[in-house]
Q: 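Please read through the structure below; I'll follow up with questions.
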2 protein chains.
Amino acid sequence: MEAAIAKSLKAGGKKLTRARKAILAVLERNTLPITVAEVHAGLVKAKTDVDLVTVYRNLAMLQELGLVNAVGFQEGQMRYEVVHGRAHHHHIQCRGCGKILDLMLCPLKKLTKLIEEQTRFSVDGHALEFFGWCPQCR
Amino acid sequence: MEAAIAKSLKAGGKKLTRARKAILAVLERNTLPITVAEVHAGLVKAKTDVDLVTVYRNLAMLQELGLVNAVGFQEGQMRYEVVHGRAHHHHIQCRGCGKILDLMLCPLKKLTKLIEEQTRFSVDGHALEFFGWCPQCR
DNA sequence: CTGTTAAATGCAATCTACTTGCATGTAAGG
DNA sequence: CCTTACATGCAAGTAGATTGCATTTAACAG
C-alpha cells in the first residue's frame, strides 16, 4: 500500500479500511483491468471476505478520487485498474477470447486541444479501446 | 428508406418488416446516437407500436449487418446510430447534462497499423469517445 | 487507552438493461 | 393464394448495479 494512496483517501475524508486495503491489493496484483466480480473473487481467494456491495461502493469511490480507472469494453460491465504508478494508456481486446492487452500509447493530446477549440467543451477525459482478433483466435 | 438498406437486409436473409422500417426511420431522424428506450419512445410517438423486445432484437441484428453502429458512453446502456451515408466519426459527451456532439474526425488510421504490428492482433474496430463539460455546465 | 462520532459495511430488497422461450403472426417467393 | 422461414409479442428470467437501514469500525480528541 502506497503512502500516496492513504494520503489521497484522507484528503477525501475517507477511511483506510480493511476492505479498501484488500481491494487495492487485488487491483495492484493485476496489470490488466478486471471486472467487479473478479475483484470480489480475488478478495475471497485472499481470505478477505468483503461483500460484493462494498466492492461496488469502493470502486466507485476510488474512481471519484482518481485512484482507480474504469474501462468499458462493451461487455455489459465495467473493468477497473489502479492508476498509481502507471502511465496513461489504452487497451485492445480480442473479440474471440476476450483477452486484453495494454497499449502503452495515446495519440490524443493534440487532438484534445483541437476539440476544445471546435466544441467549446472543456475536455477532461476520453475512452479509447481497440477491438480485433488475437493470433490464436484469428 | 434507402434501397441500399433493403439490399443489405435481403443479403442477410432478413425481411423488410414494418418494425424494421419504423426503427430505421427513427434512427434516421436522429443524427446523434440514441438509447434503446429512446428508439422505442420514437416508435410510440410515430404511432408505430413495436414491442421493446423487438427493438432490442432488431438493433442487435442491424448492428451485425453493419447498418447500425453501437456507441457506449459508460452510462450503463448502449446508444445506436445509423451508418448509412455518414462518415466514420466519434463523439463527445458532457459530464454535466449528458449532451452529445458529433466529432467528424478520426486520428486512428495510422495508429491501427502500428498496433497490428506490435500486438499481432488483426484490428477491426475501435471505440473512442471524449468526455468533458459543455459551455452551459462548465 | 477510552469514548465519541462520522464513515463504512453487510444484508436484503430493489432497479434497470437486456435476454430467452414459445406460441402466434407475417413477409416473400413460388 | 399457399407455403414456410423469419419475425413478433408477451411473459418470465438474468445479470450487473444500486438503495435503505441497522450494525460495526476507523480515526481522533482527550
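Quick note on labels: first sequence line is chain A, next is B, and so on, each numbered from 1. Only heavy atoms go into these numbers, but all of them, side chains included; no hydrogens, no water, no symmetry mates.
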Q: Rounded to whole Å, how long is the line connecting atom NE2 of His40(A) with atom C1' of dA15(D)?
A: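 Distance, rounded to whole Å: 15 Å.
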Q: Is the His126(A)-His91(B) ring centre distance short of 6.0 angstrom?
A: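 Ring-ring flag for His126(A)/His91(B): false, centres at least 6.0 Å apart.
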Q: 5'-most contact on DNA chain D: Met78(A) or Val53(B), nearest heavy atom basis?
A: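 Closer to the 5' end of DNA chain D: Val53(B).
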Q: With a 4.0 Å limit, can you tell me whether Tyr56(A) has a side-chain N or O closer than that to the phosphate oxygens OP1/OP2 of dA17(D)?
A: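 Checking dA17(D) against Tyr56(A), a side-chain N or O does come within under 4.0 Å of OP1 or OP2.
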Q: Atom CG in Asp49(A), atom CG in Leu43(A): separation rounded to 0.5 Å?
A: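 Answer for the CG-CG pair, Asp49(A) versus Leu43(A), is 8.0 Å.
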Q: Within the 4.0 Å heavy-atom criterion, would you say Ala19(A) contacts the bases, only the backbone, or no part of the nucleic acid?
A: sugar-phosphate
Q: Would you call Glu75(B) and Arg79(B) a salt bridge, taking side-chain N to carboxylate O under 4.0 Å as the test?
A: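 Salt bridge: yes.
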Q: Could you state the interatomic distance from CE (Met78(A)) to CG (Leu59(A)), rounded to the nearest 0.5 Å?
A: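 Rounded to the nearest 0.5 Å, the CE-CG separation comes out at 12.0 Å.
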Q: Within less than 4.0 Å of OP1 or OP2 of dT25(D), is there a side-chain N or O belonging to Arg18(A)?
A: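 Answer is no, no contact under 4.0 Å.
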Q: Provide, to the nearest angstrom, the distance between the CD atom belonging to Glu75(A) and the C1' atom belonging to dA15(D).
A: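 Taking atom C1' of dA15(D) as the reference, CD of Glu75(A) is at 14 Å.
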Q: Tell me the interatomic distance from Leu59(B), atom CG, to dA7(D), atom P, rounded to whole angstroms.
A: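 Rounded to whole Å, this separation is 14 Å.
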Q: Could you check how far CZ of Arg79(A) sits from P of dA15(D), rounded to whole Å?
A: 17 Å
Q: What integer distance in Å separates Lys15(A):NZ from dT24(D):P?
A: 15 Å
Q: Measure from the side-chain N and O atoms of Asp51(B) to the backbone N and O of Val53(B), and report whether any donor-acceptor pair falls under 3.5 Å.
A: yes
Q: Nearest to the side chain of Gln77(A) - dA17(D), dT8(D), dG20(D)?
A: dA17(D)
Q: How would you give the extent of chain B contacts on DNA chain C, as first and last nucleotide 5' to 3' within a 4.0 Å heavy-atom cut-off?
A: dA17(C) to dG29(C)
Q: Can you check the Asp51(A) CG to dT24(D) P distance for me, whole Å?
A: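 To the nearest whole Å, that distance equals 15 Å.
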Q: I want to confirm an ordering. Mapping Gly13(A) and Thr54(A) to their closest nucleotides on DNA chain C, which one lands closer to the 5' end?
A: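 Residue closer to the 5' terminus by nearest nucleotide: Gly13(A).
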Q: How many whole angstroms separate atom CD of Gln74(A) from atom P of dG16(D)?
A: 17 Å
Q: For dT8(D), take OP1 and OP2 only and decide whether either is under 4.0 Å from a side-chain N or O of Thr17(B).
A: yes
Q: Mind checking whether Met104(A) and Val82(A) sit in one hydrophobic cluster, side chains of I, L, V, M, F, W, Y counted as touching below 4.5 Å?
A: no
Q: Do any N or O atoms from the side chain of Gln63(A) and from the backbone of Ala60(A) form a donor-acceptor pair under 3.5 angstrom?
A: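 A pair under 3.5 Å: no.
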